[in-house]
Amino acid sequence: MEAADYEVLSVRQQLFHEKVRECIISTLLFATLYILCHIALTHFKKPAEFTTVDDEDATVNKIALELCTFTLAVALGAVLLLPFSIISNEVLLSLPRNYYIQWLNGSLIHGLWNLVFLFSNLSLIFLMPFAYFFTESEGFAGSRKGVLGRVYETVVMLMLLTLLVLGMVWVASAIVDNKASRESLYDFWEYYLPYLYSYISFLGVLLLLVCTPLGLARMFSVTGKLLVKPRLLEDLEEQLYCSAFEEAALTRRICSELQFFLAGMVGMAWAGAAPSSLPSDPTSCWLPLDMELLHRQVLTLQAQRVLLEKRRKASAWQRNLGYPLAMLCLLVLTGLAVLIVAIHILELLIDEAAMPRGMQGASLGQVSFSKLGSFGAVIQVVLIFYLMVSSVVGFYSSPLFRGLRPRWHDTAMTQIIGNCVCLLVLSSALPVFSRTLGLTRFDLLGDFGRFNWLGNFYIVFLYNAAFTGLTTLCLVKTFTAAVRAELIRAFGLDRLPLPVAGFPRASRKTQHQ
């Protein structure tokens, strides 16, 4: 063989090894995400649905759980997609010739974007509807019972749903562009699925627009529940003593009521009452009606005592410095996000390059996507994660989706499927959401940048303006009222004999909280 043939062979071998390496890295990353999501879903699922007497139902639920695990892993991968790309670009800029990071290149990042896009379409259009129909199916009438009969019914239902959805999307595309609708009939994979996913992504971006400002406002109250709040003018020992005294008094009252009830029972027995007239259950309606209320009060006092003991065990730094620092960090991150979006609105009016657009090739390691370099890239990553967490908090705090909130070891299978679908819609729209708001300059890769509405200036401009206005409104309304209330309670002004304007005096029960 000539030297030119050896060079061609070596190039082919190098390309082959690079593809194999990318496949191995992608498989390892997805396997890690899959294991983490499986552990999470195992802690939320209802054990009774997987240990039923009917082995068929248990098998169906296990298969549906694996499909939900796959979908949740794709959602987590979509959340990590943009931060991983930004960090990879900064690492390649800092260490351009390092031997140990040669595996981190533009081809790998571009392949990850394509895989997330493909698996998102697969999960939303096929896997999750299949999982839902599979759990609800019973098999066709007259067919043999078993898992295979359920599979046949689920496949038929899924095919009918697919035809219905694709027909509706084709009609919608024909209304918008008749020529494009004809092309979609002949090019299903390259045009039809991205067009369908464009609608789903737009729905997710609108959902993020509603949930993120609500979540940013709710983050302050959620963080306040997790941390120990400072109280400058209070005596924890006195509150613990009062709580224990009230709990003991209620316990003695319950015991006396039970003793009085048992004495009445014995008296009726000695008086010769018929056995059928005596209650067989001591907790029946023969007990006084306020016994259940007393029991709930005891449980409430016990919970309050646990919280007071937790606050007493907390150190002075944690009690007086942790909560203010956490609130300050939340305020800084929220204000920084609003400031960046406001600057991006001005850039949209001046520079056309500020519009979100797609990028076919991932040219990493050439230029930083932040004007502040690596520090700015870290801020971008932190803001992206913060907004994602806030959107999830706002999603589960909204009245419409509050009933979908998962419960520890008490979440039904259909509820798990609904949560996985909603989280995938939110997370797959996160890269488009971040780029549309100007949180990063990293352009969208693969099919994420092919959405038609990204090139519409009015949609992008109104979206940025709506996010800024809603976030500012929620922040001012929630934060100012919460801070005033906390300052008044911290200084003990709510326990003064004179009422404070706008804040009614706290009752005795509220003071011990």
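Excluded from the calculations below are hydrogen atoms, water molecules and symmetry mates; all remaining heavy atoms, backbone and side chain alike, are included.
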Is [X] reaching over with its side chain to a backbone N or O of [Y], donor-acceptor style, under 3.5 angstrom?
X      : Y      : answer
Asn464 : Thr436 : yes
Ser26  : Cys23  : no
Thr471 : Thr468 : no
Arg402 : Tyr396 : no
Arg218 : Gly394 : no
Ser427 : Leu424 : yes

Determine whether Thr212 and Phe433 satisfy the following criterion, side-chain contact (heavy atoms from CB on, under 4.5 Å), listing intermediate values before the conclusion.
CA-CA 11 Å; Thr212 305; Phe433 173 76; 3.9 Å; yes
Spacing of [X] atom [atom1] and [Y] atom [atom2] [to the nearest 0.5 Å]:
X      : Y      : atom1 : atom2 : answer
Arg405 : Ser398 : CZ    : OG    : 9.0 Å
Asn105 : Glu18  : CG    : CD    : 6.5 Å
Leu92  : Ile87  : CG    : CD1   : 12.0 Å
Ser88  : Ile101 : OG    : CD1   : 9.5 Å
Leu67  : Met128 : CG    : CE    : 5.5 Å
Ile63  : Cys68  : CD1   : SG    : 12.0 Å

Side chains of [X] and [Y] in contact at under 4.5 Å (non-hydrogen atoms):
X      : Y      : answer
Leu80  : Leu33  : yes
Thr334 : Tyr386 : yes
Leu437 : His344 : no
Ile459 : Phe202 : yes
Trp408 : His43  : yes
Glu153 : Leu158 : no
Met157 : Ser137 : no
Phe395 : Leu423 : no

Applying ring-ring contact (aromatic ring centres under 6.0 Å, His included), run through Phe134 and Phe130 and close with a yes or a no.
CA-CA 6 Å; Phe134 195 41; Phe130 180 86; 5.4 Å; yes
Just do the side-chain contact (heavy atoms from CB on, under 4.5 Å) check on Thr414 and Glu136 with the steps written out, would you?
CA-CA 9 Å; Thr414 54; Glu136 298 294 328; 3.2 Å; yes
Heavy-atom closest pair, residues [X] and [Y]:
X      : Y      : value
Phe401 : Leu207 : CE1-CD1, 4.1 Å
Ser434 : Leu82  : CB-CD2, 3.7 Å
Thr69  : His38  : CG2-N, 3.5 Å
Cys37  : Leu76  : SG-CD2, 4.2 Å
Ser390 : Met219 : OG-CG, 3.6 Å
Thr440 : Arg435 : O-CD, 3.5 Å

Working for side-chain contact (heavy atoms from CB on, under 4.5 Å), residues Val421 and Thr71:
CA-CA 8 Å; Val421 170; Thr71 303; 5.8 Å; no
side-chain hydrogen bond (donor to acceptor under 3.5 Å, both in side chains) against [X], all qualifying residues, sequence neighbours excluded:
X      : value
Gln415 : none
Ser123 : none
Glu66  : Tyr34

With no hydrogens and no angle check, just 3.5 Å: does a side-chain donor-acceptor pair link Glu22 and Ser107?
yes
Which residues pass the ring pair (Phe, Tyr, Trp, His ring centres under 6.0 Å) test with [X], sequence neighbours left out?
X      : value
Tyr463 : none
Tyr152 : none
Phe461 : Phe457

Taking everything shown except Phe30 itself, do over 12 heavy atoms lie less than 6.0 Å from its CZ?
yes
Apply side-chain contact (heavy atoms from CB on, under 4.5 Å) to residues Ile86 and Ile384 and explain how you reach the verdict.
CA-CA 11 Å; Ile86 296 173; Ile384 291 172; 4.1 Å; yes
